[in-house]
**Student:** 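The structure is given below, and queries will be raised subsequently.
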Amino acid sequence: MTLTLTVLGTASPHPGPDRPSSGYLLRGGGAEVWVDAGFGTFAELRRHTDPARVDAIWISHLHADHSADLLAAVYGLAYGGLTPPAPIPVHAPADCAQRIAGFLGRPDAGFLSGILDFRPLYDGQVVHYGGLSLTSTAVVHDVEAYGLRAECAGRVLAYSGDSGPCPALTGLARAADLFLCEADIDEHRESERVHLTPEDTGDTARRAGARELLVTHVGPTLTPEAATARAAAAFGGPTATAREGSTYVV
Ligand SMILES: [Zn+2]
């Protein structure tokens, strides 16, 4: 019943060579969940599993760096022969299916019903796949956005999605064994705080009592190394940089 996190991509806001945007594969309790479908992550997912066989897809918010590769998934699942045995549940903000339909010039999302089963996220939603439970918590961003708390056999992984500093984020990371958290910006420039500085990331981990911090989604005004060092200083606990292709045991 080991819970593991495999990093598919971490780049913000656009992908680079060997560096897709946000995406992860969670495995635990006999289940596999694709978490965020940023640019380039569908191809990376295929290194690790058959996309038609994942138990669910979970999308934190509908910004393209977290959701655009749902289009790649549609091409693979609908047209590419990667036919799923049953429609794959997609836990995502409510507008997700319509966004895909709009991009493909379809009047509605009915054509997706054979491959994907869209289920709108809401604050406090809990779903189970095998021995894995997924709790979604609304966080502060400039669009509807959620963080994720995944639990399996007493182990806890928390994931920020994209979030500003907020009590909801601290709460979802409470006593997490591994806290995967964005550190997107060097400093806050606007009054609306919709991302985290590395200090916010470390502070949130410390307040939450997380055991280990994994820094991801570092934007172009920072390097992953600098962001991780700053987050580690604020956290005061074990801190690492999320790396594409790496698998972490929670
Ligand atoms: Zn993002």
Side-chain angles (χ1 to χ4, degrees), residues 5-26 33-45 57-73 90-96 99-100 103 121 123 134 136-150 157-166 168-169 172-173 179-190 192-202 204-205 213-224 226-228 230-231 241-244:
L5 170 79
T6 298
V7 177
L8 307 175
T10 68
S12 167
H14 58 85
D18 298 321
R19 205 164 165 237
S21 295
S22 291
Y24 309 90
L25 174 61
L26 261 186
V33 180
W34 180 15
V35 171
D36 274 349
F39 307 114
T41 55
F42 180 74
E44 292 306 308
L45 181 70
I57 301 170
W58 186 93
I59 302 292
S60 62
H61 65 296
L62 296 181
H63 282 157
D65 60 324
H66 297 254
S67 63
D69 259 26
L70 286 175
L71 286 165
V90 181
H91 301 280
D95 201 29
C96 189
R99 298 277 191 98
I100 294 171
F103 191 91
L121 285 175
D123 187 33
L134 307 176
S136 301
T137 297
V139 293
V140 173
H141 199 41
D142 52 355
V143 295
E144 180 184 359
Y146 297 86
L148 177 66
R149 184 177 175 95
L157 170 98
Y159 169 48
S160 61
D162 282 7
S163 177
C166 60
L169 181 62
L172 84 88
F179 181 28
L180 173 67
C181 189
E182 69 129 287
D184 192 59
I185 53 171
D186 186 30
E187 59 182 325
H188 292 287
R189 290 205 176 81
E190 289 147 27
E192 193 189 19
R193 299 186 164 200
V194 299
H195 281 294
L196 303 176
T197 67
E199 285 71 27
D200 294 330
T201 305
T204 302
L213 175 61
L214 195 57
V215 175
T216 191
H217 198 285
V218 175
T221 58
L222 289 163
T223 65
T228 301
R230 286 168 53 182
T241 308
R243 299 285 185 199
E244 280 79 4

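Ligands are counted one by one from 1 in listed order, and the atoms in each one are counted from 1 as well. Any value given below was found using the heavy atoms of this structure, including those in side chains, with hydrogens, waters and symmetry copies removed.
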**Student:** Parallel, tilted or perpendicular: which one describes the rings of His63 and His141, with boundaries at 30° and 60°?
**Tutor:**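 Rings of His63 and His141: perpendicular, over 60°.
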
**Student:** Look up atom OG1 in Thr201 and atom CG in Leu214, then write down how far apart they are to the nearest 0.5 Å.
**Tutor:**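 If I round to the nearest 0.5 Å, the distance is 11.5 Å.
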
**Student:** Can you name the side chain to side chain donor-acceptor pair (under 3.5 Å) partners of His91, sequence neighbours left out?
**Tutor:**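 His91: side chain to side chain donor-acceptor pair (under 3.5 Å) contacts with Tyr129.
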
**Student:** For His188, what residues pass the side chain to side chain donor-acceptor pair (under 3.5 Å) criterion, not counting sequence neighbours?
**Tutor:**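 Side chain to side chain donor-acceptor pair (under 3.5 Å) check on His188 returns Asp200.
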
**Student:** Indicate yes or no for a side-chain donor-acceptor contact from Asp123 to the backbone of Ala138 under 3.5 Å, with no hydrogens or angles considered.
**Tutor:**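 Yes, Asp123 side chain to Ala138 backbone: donor-acceptor pair under 3.5 Å.
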
**Student:** Which N, O or S atoms belonging to the protein are less than 2.8 Å from the Zn ion (ligand 1)?
**Tutor:**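 Near the Zn ion (ligand 1), the protein supplies Asp65 OD2, His66 NE2, Asp162 OD2, His217 NE2.
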
**Student:** I'd like to check the side chain to side chain donor-acceptor pair (under 3.5 Å) partners of Asp186; sequence neighbours left out, ordered by chain and number.
**Tutor:**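 Partners of Asp186 under the side chain to side chain donor-acceptor pair (under 3.5 Å) test: Arg230.
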
